[in-house]
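Every heavy atom of this structure was used, including side-chain atoms; hydrogens, water molecules and symmetry mates were not. Order of appearance sets the numbers: ligands from 1, and atoms from 1 within every ligand.
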Amino acid sequence: MKTEIYYFSGTGNSFAVARDLAEKLNAELIPVTTVYKKQNFELTAESIGFVYPIYDFKPPKPIEQFIENIKNLNFPYIFAVCTAGLTTSSSLIYMKKLIESKDGILAGGFSILMPHNGIGCAKITDEEHQKMIASWKNQLNPICEYLINQQNGSIDSTSFMEIFLNKRNRKMLPAAFKLLFHILTKGIDSLALVAADNCISCKTCQKICSVKNIEMREGKPNWLKHCAGCFACFHWCPKNAISMGGHNMDMKQYHHPQVKLIDMMI
Ligand SMILES: Cc1cc2nc3c(=O)[nH]c(=O)nc-3n(C[C@H](O)[C@H](O)[C@H](O)COP(=O)(O)O)c2cc1C
């Protein structure tokens with residue numbers, strides 16, 4: 001059976017998960033950003049998977065846009081694996097409904113806890129990172145068995161309250177309040193991505209941006225209007241020169257330890 005895995009990833013967590021799944025399932029690995037704009041896209045594989053990070057309880061926009069553009073989602077066996085820095089919440093239920101709106105059936109939806117890469121991520125320790133990364137390896141085989149047997153009906157979800165109940169997640173709250181306060185007092189535009197004076201014009205940010213939202217102007221990055229919100233530009237900058245309007249919002253650079261910059265360049 002031919003299996004294709006369409007993935008999106010900013011800092012490598014979802015890429016590492018997709019790569020492991022592809023190896024076990026003998027599947028083809030396809031960056032969704034190479035196909036998401038194609039109208040009336042026709043799937044040919046009997047089994048397809050979507051692997052992606054959760055952004056604000058939803059899949060990234062390129063994954064949604066790709067699904068909207070597929071013309072025969074009623075045909076394959078479909079699964080989704082999302083990586084979450086905090087909690088799955090109802091994001092896979094959202095995905096299930098999205099797929100159903102295109103006459104498909106989400107047969108399995110799995111959530112993998114991985115290091116957080118958004119606002120507040122500096123609060124998570126390296127030890128916590130290592131634990132999360134190691135525990136994925138225990139989930140890999142049961143998920144593959146489920147998918148090989150083409151099982152149905154398992155969709156992970158957690159309550160919204162888990163964000164507050166989980167000690168690790170609670171460490172994010174000061175950053176979330178700081179962000180909210182900043183937006184309310186200074187406006188969202190004050191948090192636009194910018195490069196500081198130590199930018200060396202290496203173009204890594206432009207090359208890593210899988211939705212091509214960065215143009216170089218006079219040697220400096222300039223962000224356009226279709227950012228997917230992955231923060232890859234921030235995390236992979238070799239000079240740590242990128243910030244949200246000069247504010248770091250309790251973020252520190254991160255990428256999955258077994259994923260290299262070259263793996264992420266599409
Ligand atoms: C803008 C943004 C929003 C995020 N929102 C959520 C969220 O709602 N829930 C969650 O569990 N993790 C959230 N995260 C964390 C990522 O989903 C998580 O770290 C993911 O593993 C990153 O995957 P990647 O390395 O493939 O980019 C968010 C991260 C970013 C950058």
Side-chain angles (χ1 to χ4, degrees), residues 5-21 29 31-33 49-64 80-95 109-124 128-129 131-133 135-136 139 156-166 168-173 175-176 179-180 183 188 191-193 208-211 213 223 227-236 242-244 248-261 263-266:
I5 294 177
Y6 294 91
Y7 73 90
F8 181 89
S9 183
T11 55
N13 292 343
S14 312
F15 173 72
V17 165
R19 184 173 62 185
D20 288 346
L21 285 167
L29 202 50
V32 79
T33 46
F50 301 103
V51 183
Y52 55 86
I54 302 177
Y55 293 155
D56 303 329
F57 315 112
K58 287 182 180 176
K61 282 189 198 123
I63 291 276
E64 285 207 45
V81 182
C82 64
T83 68
L86 306 172
T87 179
T88 326
S89 58
S90 58
S91 64
L92 284 160
I93 310 281
Y94 180 92
M95 188 66 164
F110 303 95
S111 174
I112 313 299
L113 192 62
M114 278 279 174
H116 183 50
N117 67 354
I119 306 292
C121 68
K123 300 285 176 195
I124 309 292
E128 286 171 305
H129 280 190
K131 268 193 200 157
M132 287 186 244
I133 288 167
S135 81
W136 152 240
Q139 289 168 277
D156 289 346
S157 73
T158 55
S159 78
F160 183 72
M161 275 311 283
E162 205 198 297
I163 294 183
F164 304 98
L165 297 175
N166 182 300
R168 186 177 32 76
N169 292 348
R170 277 205 301 272
K171 290 199 275 184
M172 302 295 141
L173 291 177
L179 176 73
L180 192 64
I183 292 173
I188 189 89
L191 293 174
L193 290 162
I208 198 79
C209 179
S210 63
V211 294
N213 189 47
W223 284 262
C227 177
C230 71
F231 279 120
C233 51
F234 165 85
H235 288 288
W236 292 94
I242 294 173
S243 71
M244 296 168 75
N248 91 346
M249 291 293 152
D250 290 339
M251 284 179 72
K252 85 169 175 206
Q253 286 190 311
Y254 162 82
H255 63 83
H256 189 286
Q258 283 125 40
V259 174
K260 299 190 185 79
L261 183 61
D263 299 322
M264 302 294 292
M265 301 278 196
I266 296 163

Begin with the C-alpha distance, continue with both residues' side-chain angles, and end with the deciding distance and a verdict on side-chain contact (heavy atoms from CB on, under 4.5 Å) for Gln258 and Arg19.
CA-CA 11 Å; Gln258 283 125 40; Arg19 184 173 62 185; 4.0 Å; yes
In terms of side-chain heavy atoms, does Asp156 have a donor or acceptor partner in Thr88 at a distance below 3.5 Å?
no
Between OG on residue Ser91 and CZ on residue Phe57, distance to nearest 0.5 Å:
9.0 Å
Ignoring hydrogens and angles, state whether a donor on the side chain of Glu64 or Tyr94 is under 3.5 Å from an acceptor on the partner side chain.
yes
Consider side chain to side chain contact (heavy atoms under 4.5 Å, CB included). Of Val17, Leu92, Val81, which one does Phe110 pass it with?
Val81
Could you please provide the protein residues found below 4.0 Å of ligand 1 on a heavy-atom basis, arranged by chain and number?
Ser9, Gly10, Thr11, Gly12, Asn13, Ser14, Pro53, Ile54, Tyr55, Asp56, Phe57, Thr83, Ala84, Gly85, Leu86, Thr87, Met114, Pro115, His116, Asn117, Gly118, Gly229, Phe231
Roughly how far apart are His256 NE2 and Met114 CE, rounded to 0.5 Å?
4.5 Å
